[in-house]
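Working notes, structure below.
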Amino acid sequence: MGLLRSYVSGEWHTAAEDGVPLHDATTGEEVARVSSAGVDFAGALEYGRRVGGPALRELTFHQRSALLKALASHLREHREELYALSAKTGSTLGDSKFDIDGGIGVLFSYASKGKRELPNATVYVEGGVEPLSKGGTFVAQHIATPLRGVAVQINAFNFPVWGPLEKFAPAFLAGVPSLVKPASQTAYLTARLVELIVESGILPEGSLQFVAGSVGDLLDHVTAQDLVSFTGSASTAQKLRAHPAIIRNAVRFNAEADSLNCSILGPDARPGTTEFDLYVKQLTSEMTVKAGQKCTAIRRAFVPAELLDDVAAAASARLAKVTVGNPTAEGVRMGALASLEQREEVRRSLKALLDAGSVVFGDPEKVDVVDADAERGAFLSPVLLKADPERSEPHEVEAFGPVSTLLPYTSTEQVIELAARGGGSLAGSIVSADTEFVREVVLGAAAYHGRLLVLDADDAKESTGHGSPMPQLVHGGPGRAGGGEEMGGIRGVLHHMQRTAVQGSPAVLTAVTGRWVAGAPRTESDVHPFRKSLAELRIGDSVVAGPRTVLQSDVDHFAEFTGDTFYAHTDPAAAAANPLFGGIVAHGYLVVSFAAGLFVSPEPGPVLANYGLENLRFLTPVKVDDALTVTLTAKQITPRIDQEYGEVRWDADVTNQDGDSVAKYDVLTLVSKEQP
């Protein structure tokens, strides 16, 4: 591959030096060289702010979602090429799919979430309108808008595809350009990923930049509008967090660091139970997938003291079946570590762990390999240890490879305390069918974990497993794990946006948010709003219909017709004794039905369907002989970019003859973009 190129300021950059060699993890042969010499980091950041940011902010959330989906589909067509290159990192085909398919899956997931959960607009409205005055003329609303900087994303070596894509997707959806800097050991795979993205021409110019090599003086130039996201060691995270520019400018900094994740076997999970087998299978899988080079891998395996030998024997039997070697060779289940340097780092950590325990399975210095040279390649045997849980080493030292330590416990209280001694973890799991035990452990350990998986016979077939971060869920953890959060669905998008409280009149908030706010002007005309297509409808278009008087016969008929004979609608004496009603009242759903009958325009037209009600509240009891009026106002208009229709949210306010609101809710309809 030669010298890897960076992609900055809209063009490919090749360093004017030989660079540092990168080696095939299996053969030791040189794969590529890497250097960022000559990259203008200040210029790259400014290019992202000046070119990428404006281009993204012109797009709505739905348009960005569509581009993410198109990009995911494009990359999916090139998976075989990426798999082949991934093998050079020491990854088996299964490992490669975990990384590559997982990263593409994140793009698909955020594309879907953006379409379903975000508006087809450029402003995100958070929460409800906050009234700040009695008369309703002074109100407030929280909004979120994209930061005007660049999301600097510094990734680890173990996931050269998933790592960049899981950071890029929420930033892009938020409208913030990214600058990706992968770890050098496996940067050649990320480099090809970025080449595929750039060659596709799918993304707006400036929305993605890539640096092959060191970060140079990059962080010297970050501003308060930029973000820095880091995945790697806790020690490096601490150094980056303390960078003068990050401190001086209060730059948003997110760290996802190594952590001593744990898995806890419940006392009920005896040998022969489904949960016992699940625990052992999960433990050995977490040790061997990606050769244990996962920030979520199980490092501390807590088991009831009386089951320690049983778990050790069962896990050893499974590990004995794991074939180590060339990841492309048939039958190989575990490949090499990312580099010889990484293997030596794991061996150093193992020596520290062995001071507190002993080997149950494996040899830190020797391993039989298939179709490879055990010394030229970065191979290491899976190593299972057992140790005294009161020693500090298992809770402080992480061997970032195929290594885990069995730790016995004697009570629920003790295992909760031991789990916390990891100082904060990305992921933990509890394998038990005893829901009371699970509840106690979850509530006791949750404060120390970003994610907890409960595994049992009921969810095992569909569980994604201990070590699989999901784009819908937060990925991060407290303390040693970095104190940050990534992904988490829309939470990850909002991390790249500024939350602002806007105060003003209802008319001002309507203009800012693109949503009608109660108290803002309404527009009534001779044309019923239901006769207008999306192209003709405007926020604030309204219709007032009624009144309609509620008769006793209406209430009686509704009760008989629906079967809702609750006493407040049918028993005068009991209804009179009810302190909330003081007599017969109309059914709430009768009120809603009457309102629909009042505001509907029945003839065929652009309104295709009513697909729901939201936020329904009954505010004032409706008595017999009350006269109901409904005011329906177009509140929010959301065209669907891939359909010939869109969604309209209507504000419905039903009032009685005294002007008191008896019901408020949102009506949701699907409306054609053009007149049929």
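Quantities reported herein were computed from a predicted structural model and do not represent experimental measurements.
A salt bridge between Asp642 and Lys115 is present, with a side-chain N of the basic residue lying under 4.0 Å from a carboxylate O of the acidic one.
The OH atom of Tyr611 sits 4.5 Å away from the CG atom of Leu668 when rounded to the nearest 0.5 Å. In this structure, OH in Tyr47 is found 7.0 Å from CD in Gln209, a value given to the nearest 0.5 Å.
Under the 30°/60° scheme for interplanar angles, the aromatic rings of Phe61 and Tyr124 are found to stand perpendicular.
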Thr633 vs Arg522, test: side-chain hydrogen bond (donor to acceptor under 3.5 Å, both in side chains). Steps then yes/no. CA-CA 7 Å; Thr633 307; Arg522 293 185 173 98; 2.8 Å; yes
Check the pair Glu603, Arg531 against salt bridge (Lys or Arg N to Asp or Glu O under 4.0 Å), reporting the backbone distance first and the verdict last. CA-CA 9 Å; Glu603 302 82 14; Arg531 314 311 308 164; 3.8 Å; yes
Apply side-chain contact (heavy atoms from CB on, under 4.5 Å) to the pair Val8 and Phe41, showing each step before the final yes or no. CA-CA 8 Å; Val8 291; Phe41 290 106; over 6 Å; no
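For the pair Pro327 and Ser91, the minimum side-chain heavy-atom distance is 4.5 Å or more.
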Side chains of residues 460-467: which donor-acceptor partners sit under 3.5 Å, not counting sequence neighbours?
from, atom 1, to, atom 2, distance (Å)
Ser463, OG, Gly465, N, 3.1
His466, ND1, Ser429, OG, 3.0
His466, NE2, Thr296, O, 2.8

Atom pairs and distances, donor-acceptor, side-chain atoms in residues 161-182, under 3.5 Å, two or more places apart:
from, atom 1, to, atom 2, distance (Å)
Lys167, NZ, Asn155, OD1, 3.0
Lys167, NZ, Thr231, OG1, 2.5
Lys167, NZ, Glu486, OE2, 3.2
Ser178, OG, Gln153, NE2, 2.9
Lys181, NZ, Gly213, O, 3.2

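Atom CD of Glu46 sits in a crowded spot, with more than 12 heavy atoms from other residues, nucleotides or ligands closer than 6.0 Å.
Residues Trp650 and Phe530 place their aromatic rings such that the two centres sit under 6.0 Å apart.
Counting only distance, with no hydrogens or angles, the side chain of Asn254 and the backbone of Gly484 share no donor-acceptor pair below 3.5 Å. Here the side chain of Gln141 pairs a donor or acceptor atom with the backbone of Gly127 at under 3.5 angstrom.
For the pair Lys88 and Tyr188, the cation does not sit on the ring face, since its NZ or CZ is not both under 6.0 Å from the ring centre and inside 45° of the axis.
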